[in-house]
Amino acid sequence: MILTFESEINRPQAEVAALMADPRHNKEWMEDLVHYEPISGEPGAPGSTARLTFKNGSRKMMFTSTVVARDLPDAMHSTLESPMVTIYTTATFSALSPTVTRYVFEQDFRFHGALNAVLGTLAKGAMAAQQRRHMERFKHFAESS
């Protein structure tokens with residue numbers, strides 16, 4: 001299952017990409033992120049890993065995040081892994097003007113096992129709504145930083 005989201009941000013491309021690439025800012029726009037713990041490497045650098053804990057209501061989800069590639073200011077690639085799913089993410093940034101950036105975020109969900117695939121399909125609407133909120137909050141964060 002692939003989800004793709006797009007936003008125009010009133011900020012130069014290099015600045016938007018730098019804000020997205022720095023994991024210290026994640027809690028500013030991921031309202032459901034309750035814990036970020038670096039595991040290895042320099043946070044945000046290619047090959048670095050971190051443990052992320054998200055809370056949605058009473059439910060907690062833990063992921064191991066790996067930065068796969070970082071080609072700033074144009075793109076970033078990472079994975080989020082849990083026992084239920086591996087999510088391959090791609091963030092791309094393109095300048096629409098010197099002060100406006102198009103930010104496209106794609107998530108490719110690969111569920112582990114038939115039951116998780118069914119549950120993931122049923123939760124697609126909720127996952128899309130959550131990512132839309134993240135995009136809106138990141139846009140607000142980037143434009144007000």
Side-chain angles (χ1 to χ4, degrees), residues 1-11 13-96 101-145:
M1 173 174 61
I2 296 175
L3 299 177
T4 304
F5 302 90
E6 185 174 323
S7 181
E8 289 185 12
I9 299 174
N10 294 312
R11 192 95 188 251
Q13 176 186 0
E15 293 177 13
V16 171
L19 287 170
M20 176 57 66
D22 188 343
R24 294 175 297 177
H25 298 301
N26 289 355
K27 284 190 175 187
E28 298 286 336
W29 53 274
M30 289 183 179
E31 74 279 0
D32 50 351
L33 178 64
V34 294
H35 187 68
Y36 169 84
E37 176 188 352
I39 298 172
S40 68
E42 179 182 333
S48 65
T49 60
R51 187 169 294 111
L52 306 174
T53 304
F54 294 90
K55 186 172 182 184
N56 186 355
S58 62
R59 188 168 172 241
K60 282 189 177 179
M61 289 281 302
M62 290 180 50
F63 291 92
T64 299
S65 172
T66 303
V67 177
V68 175
R70 184 173 146 162
D71 182 24
L72 299 182
D74 299 314
M76 291 179 45
H77 304 275
S78 62
T79 61
L80 294 166
E81 296 181 74
S82 78
M84 291 178 57
V85 64
T86 298
I87 307 167
Y88 299 90
T89 69
T90 301
T92 57
F93 312 94
S94 55
L96 298 178
T101 301
R102 173 174 286 134
Y103 166 44
V104 179
F105 188 68
E106 181 178 285
Q107 294 176 304
D108 181 356
F109 292 80
R110 306 281 176 93
F111 295 97
H112 306 166
L115 178 59
N116 290 328
V118 169
L119 294 173
T121 301
L122 293 173
K124 181 179 181 179
M127 291 186 299
Q130 177 189 37
Q131 188 54 45
R132 259 189 238 95
R133 282 192 309 275
H134 284 181
M135 289 288 284
E136 290 167 7
R137 288 177 57 94
F138 179 74
K139 175 181 170 65
H140 175 73
F141 167 70
E143 291 177 344
S144 64
S145 291

With sequence neighbours excluded, tell me which residues meet side chain to side chain donor-acceptor pair (under 3.5 Å) with [X].
X	value
T49	S40
E8	none
E143	N10, K139

Partners meeting side-chain contact (heavy atoms from CB on, under 4.5 Å) with [X] (sequence neighbours left out):
X	value
T89	S78, I87, F105, Q107
H140	S144
A21	R70, L72, M76
V118	L122

Approximate separation, where rounding is to 0.5 Å, of [X] [atom1] and [Y] [atom2]:
X	Y	atom1	atom2	value
M20	N26	CE	CG	7.5 Å
D74	T92	CG	OG1	9.0 Å
E15	T101	CD	OG1	8.5 Å
S7	E136	OG	CD	8.0 Å
E31	L33	CD	CG	9.5 Å

request  = Over all heavy atoms of both residues, which pair between L19 and A142 is shortest? Give the atoms and the distance, please.
outcome  =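 Where L19 meets A142 most closely, the heavy atoms are CD1-CA, 3.7 Å.
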inquiry  = Applying side-chain hydrogen bond (donor to acceptor under 3.5 Å, both in side chains) as the test, list every pair that has at least one member in residues 58-68; sequence neighbours left out.
reply    =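 As it turns out, there is no side-chain hydrogen bond (donor to acceptor under 3.5 Å, both in side chains) pair with a partner in residues 58-68 once direct neighbours are skipped.
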key: Listed once per pair and sorted, the side-chain hydrogen bond (donor to acceptor under 3.5 Å, both in side chains) pairs that draw on residues 115-125, sequence neighbours left out   =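 As it turns out, there is no side-chain hydrogen bond (donor to acceptor under 3.5 Å, both in side chains) pair with a partner in residues 115-125 once direct neighbours are skipped.
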message = If only side-chain N and O atoms count, and only distance matters, is there a donor-acceptor pair under 3.5 Å linking D71 with H77?
response =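 No, no side-chain donor-acceptor contact under 3.5 Å.
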Minimum side-chain heavy-atom gap [X]-[Y] below 4.5 Å:
X	Y	value
E6	R102	yes
S82	M61	yes
D32	H134	yes
L3	M127	yes
V85	F63	yes
V104	T4	yes
P38	P43	yes
R51	Y36	no

query = Quick one: does Q13's side chain have a donor or acceptor within less than 3.5 Å of a partner on P73's backbone?
reply =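 Judged by distance alone, yes, a pair lies under 3.5 Å.
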request  = Can you sort out the partners of F138 under ring pair (Phe, Tyr, Trp, His ring centres under 6.0 Å), two or more places apart, ordered by chain and number?
outcome  =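 Here the qualifying residues are W29, Y103.
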task = Using the test ring pair (Phe, Tyr, Trp, His ring centres under 6.0 Å), find all partners of H25 that sit at least two apart in sequence or belong to another chain.
result =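 For H25, the residues satisfying ring pair (Phe, Tyr, Trp, His ring centres under 6.0 Å) (neighbours in sequence not counted) are F141.
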ask   = What residues form a salt bridge (Lys or Arg N to Asp or Glu O under 4.0 Å) with D22, not counting sequence neighbours?
value =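 With neighbours one apart ignored, the set is R24.
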task = Decide side-chain contact (heavy atoms from CB on, under 4.5 Å) for T86 and L80; before the verdict, give the C-alpha distance in whole Å, the side-chain angles of both, and the deciding distance to 0.1 Å.
result = CA-CA 6 Å; T86 298; L80 294 166; over 6 Å; no
